[in-house]
Amino acid sequence: MGAGEFSAARPPMPVNEPVRDYAPGSSERERLLATLKGMESERHEAPLVIGGGEVRTGDLYQQVLPHRKSHVLADVHQVRPEDVEDAIVAAKGAQAEWASTPWQDRAAIFSRAADLLAGPWRDRVNAATMLGQSKTVHQAEIDAACELVDFWRFNVAYMHRIYSDQPLSGAGMWNRMDYRPLEGFVLAISPFNFTSIAGNLTSSCALMGNVVLWKPALTATYSGQLLMELLMEAGLPPGVINLLHGDGAVVGDTVFKHPDFGGLHFTGSTAVFKHLWGEISANVDGYRNYPRVVGETGGKDFIVAHPSADVQQFVTAVIRGGFEYQGQKCSAASRIYVPSSMWDEVSERLVAEVKTIRMGDVSDLSNFMGAVIDDRAFAKHRGAIDYAQRSSNAEIIVGGGIDDSEGYFVEPTIIRTEDPQSKLLSEEFFGPIVTAYVYEDSKYSETLELVDATSPYALTGAIFSNDRAAVAEARDTLRYSAGNFYINDKPTGAVVGQQPFGGARGSGTDDKAGSMWNLIRWVAPRTIKETFNPPTDYRYPYMDEA
Ligand code: NAD
């Protein structure tokens with residue numbers, strides 16, 4: 001068990017944070033709009049935070065609003081190699097005390113953080129996520145507020161469950177598991193697209209008693225900065241989490257060569273994760289421990305319609321699953337498989353629905369979509385749309401418009417391809433682009449095989465069908481095609497405590513964020529056997545003279 005093992009304390013029972021709807025006329029909407037206005041009217045500063053102190057390097061990056069790129073939200077101080085060294089020293093300095101802090105105190109700090117976020121910090125963190133990451137209010141609310149509150153509350157309960165898992169003890173002995181934090185420090189590297197993931201990558205390790213260096217995405221700096229402030233207000237001791245903005249390679253170069261590097265907690269693209277895995281492997285001889293490597297990465301998430309599916313339910317799932325947050329969820333639907341008997345109706349309704357979608361500045365709450373995150377993402381989406389336009393076996397059935405004059409806007413786009421191996425069906429574009437493949441109704445089984453084999457990823461996927469046998473066949477054929485599998489639901493929107501999240505193959509190590517399976521990676525269990533009355537003679541009875 002961790003420090004504090006002898007107390008029988010039971011942490012609070014977690015419940016999912018209710019989602020606010022921000023309906024017109026509500027006080028929550030008025031408060032949020034006022035917070036947005038106030039936040040927009042200032043130019044903020046994001047220093048590094050090392051050992052609880054702010055560090056201003058003067059090497060600045062401007063975080064802009066993706067939907068209004070001339071507007072600077074924050075000037076971000078970028079990390080230098082010497083800051084990484086300092087952060088390691090600070091983390092190691094905090095390590096012994098944090099590791100021996102009773103688990104109840106660690107639990108209380110993150111439970112308090114959850115309540116601060118659910119209460120006084122909610123509007124600020126939501127507003128920073130809306131402005132900096134171009135999320136609509138609903139997308140910010142389910143991510144930055146509710147999901148992160150849930151991570152913080154549920155992880156405390158999972159920690160308690162892990163600590164409670166104790167071995168049997170035979171007569172005359174007592175066996176115990178001591179769930180030690182890792183001996184080394186953890187590097188958490190977070191993506192731009194979920195404020196909650198940034199909060200969880202760092203805090204899940206810290207909750208288990210580890211010390212952490214945190215490198216958030218530059219395009220999600222300001223929401224990350226607020227989380228750091230919130231955690232310190234909640235009582236997180238200096239040095240337990242150290243915040244380093246800037247180029248990941250600067251951090252990695254120092255961290256991956258350090259003998260006390262104990263683990264990587266990563267979420268981001270597959271290519272970056274593979275690169276980091278390679279760096280870690282190349283340095284493995286220098287580490288005191290084999291590092292824990294946990295990564296949740298890309299996806300090419302599918303929705304399959306069986307001929308028995310309800311057309312409108314399927315179409316709604318495609319729109320929500322494919323275009324909410326501009327398709328920039330790792331779980332976003334980006335390839336759909338439609339039986340030919342349904343295609344005319346499906347395509348007609350998809351075109352009609354997509355044309356009703358409003359896209360624009362997220363401070364205008366009537367918009368369903370904002371902008372994509374930056375020029376790099378915009379260029380990638382432009383490339384995919386150009387490819388579809390040039391391609392002889394693909395056709396854009398709706399959308400395809402792009403405009404970066406004010407912000408990085410990409411229209412919700414649906415493409416149909418006749419090539420089942422098209423890169424439109426296998427590559428992750430991470431934008432509002434959904435590609436459809438129409439299959440012959442009689443080839444449902446073959447199509448399931450095709451879905452399984454087409455992309456290197458296996459993150460999320462869904463089957464729509466009103467035929468139980470067809471559902472069962474999809475569930476079985478696609479057993480390894482997705483770590484989160486949905487039946488008659490869109491493949492996005494996993495809720496902590498309800499659908500633990502993560503995939504395998506090219507999508508990651510499947511360590512299921514929002515479950516005890518993730519927290520288990522951040523402990524190094526020690527088995528203790530205590531014998532009450534030890535033997536005093538080495539001889540066994542069988543050795544006695546007959
Ligand atoms: P990214 O890979 O570009 O960046 C992720 C993080 O890695 C950032 O903090 C970045 O600065 C850092 N990084 C980049 N190169 C680095 C290097 N050489 N050394 C150290 N750090 C480095 O990803 P992104 O654009 O921020 O996020 C989108 C990706 O994340 C998509 O592929 C998406 O599918 C994936 N994602 C997956 C999940 C999941 O749970 N599976 C969840 C969210 C996002």
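All ligand and atom numbering here is 1-based and tracks the order in the structure.
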Which of the numbered atoms in ligand 1 are under 4.0 angstrom from any heavy atom belonging to [X]?
X	result
Pro216	9 (O)
Ile197	42 (C), 43 (C)
Gly298	32 (O), 34 (O)
Ala249	17 (C), 19 (N), 20 (C)
Leu459	41 (N)
Pro191	26 (O), 27 (O)
Phe501	39 (C), 40 (O)

contact_flag Cys330 ligand 1 heavy-atom lt 4.0 Å: yes
Do [X] and [Y] touch side chain to side chain, with heavy atoms closer than 4.5 Å?
X	Y	result
Phe302	Ser481	yes
Val250	Arg80	no
Val496	Glu147	yes
Ile88	Asp260	no
Ser363	Leu131	yes
Ile402	His381	no

Asn155 side-chain N/O to Ser204 backbone N/O, donor-acceptor pair under 3.5 Å: no
Main-chain N/O of Glu85 paired to Thr254 side chain as donor or acceptor, under 3.5 Å: no
Protein non-hydrogen atom found under 4.0 Å from atom 4 (O) of ligand 1: no
Lys/Arg-Asp/Glu bridge criterion (N-O < 4.0 Å) met for Asp75, Arg56: no
Please write down residue, atom name and distance for the protein heavy atom closest to [atom].
atom	answer
atom 21 (N) of ligand 1	Gly248 CA, 3.3 Å
atom 18 (N) of ligand 1	His275 CD2, 3.7 Å
atom 23 (O) of ligand 1	Ser269 N, 3.5 Å
atom 26 (O) of ligand 1	Phe192 N, 3.2 Å
atom 13 (N) of ligand 1	Val272 CG1, 3.8 Å
atom 7 (O) of ligand 1	Ile189 CG2, 3.2 Å

I need the contact type for [X] against ligand 1. Using non-hydrogen atoms and a strict under-4.0 Å cut-off, is it side chain, backbone, both or neither?
X	result
Asp247	neither
Thr270	neither
Glu428	side chain
Phe266	side chain
Gln328	neither
Arg376	side chain
Asn193	side chain
Ala513	neither
Thr219	neither

Least distance between heavy atoms, Tyr437 atom then Thr417 atom: CD1-O, 3.5 Å
For Arg292 against Arg521, the heavy-atom pair lying closest together: NH1-O, 2.9 Å
Thr57 side chain to Asp59 side chain, donor-acceptor N/O pair below 3.5 angstrom: no
Polar side chain donor-acceptor pair, Thr195 to Gln133, under 3.5 angstrom: yes
Asp301 side, atom CG; Phe485 side, atom CZ - distance, nearest 0.5 Å: 12.5 Å
Within-cut-off N or O pair, Lys215 and ligand 1, under 3.5 Å: yes
Ligand 1 N/O within reach of Thr267 N/O, cut-off under 3.5 Å: no
Quick test of your reading of the structure: of [options], whose heavy atom lies closest to [atom]?
atom	options	value
atom 37 (C) of ligand 1	Asp511, Thr297, Leu187	Thr297
atom 8 (C) of ligand 1	Gly502, Ser190, Gly268, Ala188	Ser190
atom 28 (C) of ligand 1	Phe194, Tyr457, Phe430, Trp214	Phe430

Geometric cation-pi criterion Lys135 and Tyr325, 6.0 Å radius, 45° cone: yes
Lys423 charged N/C atom sitting above Tyr387 aromatic ring, 6.0 Å / 45°: yes
Glu40, CD: over 12 other non-hydrogen atoms inside 6.0 angstrom: yes
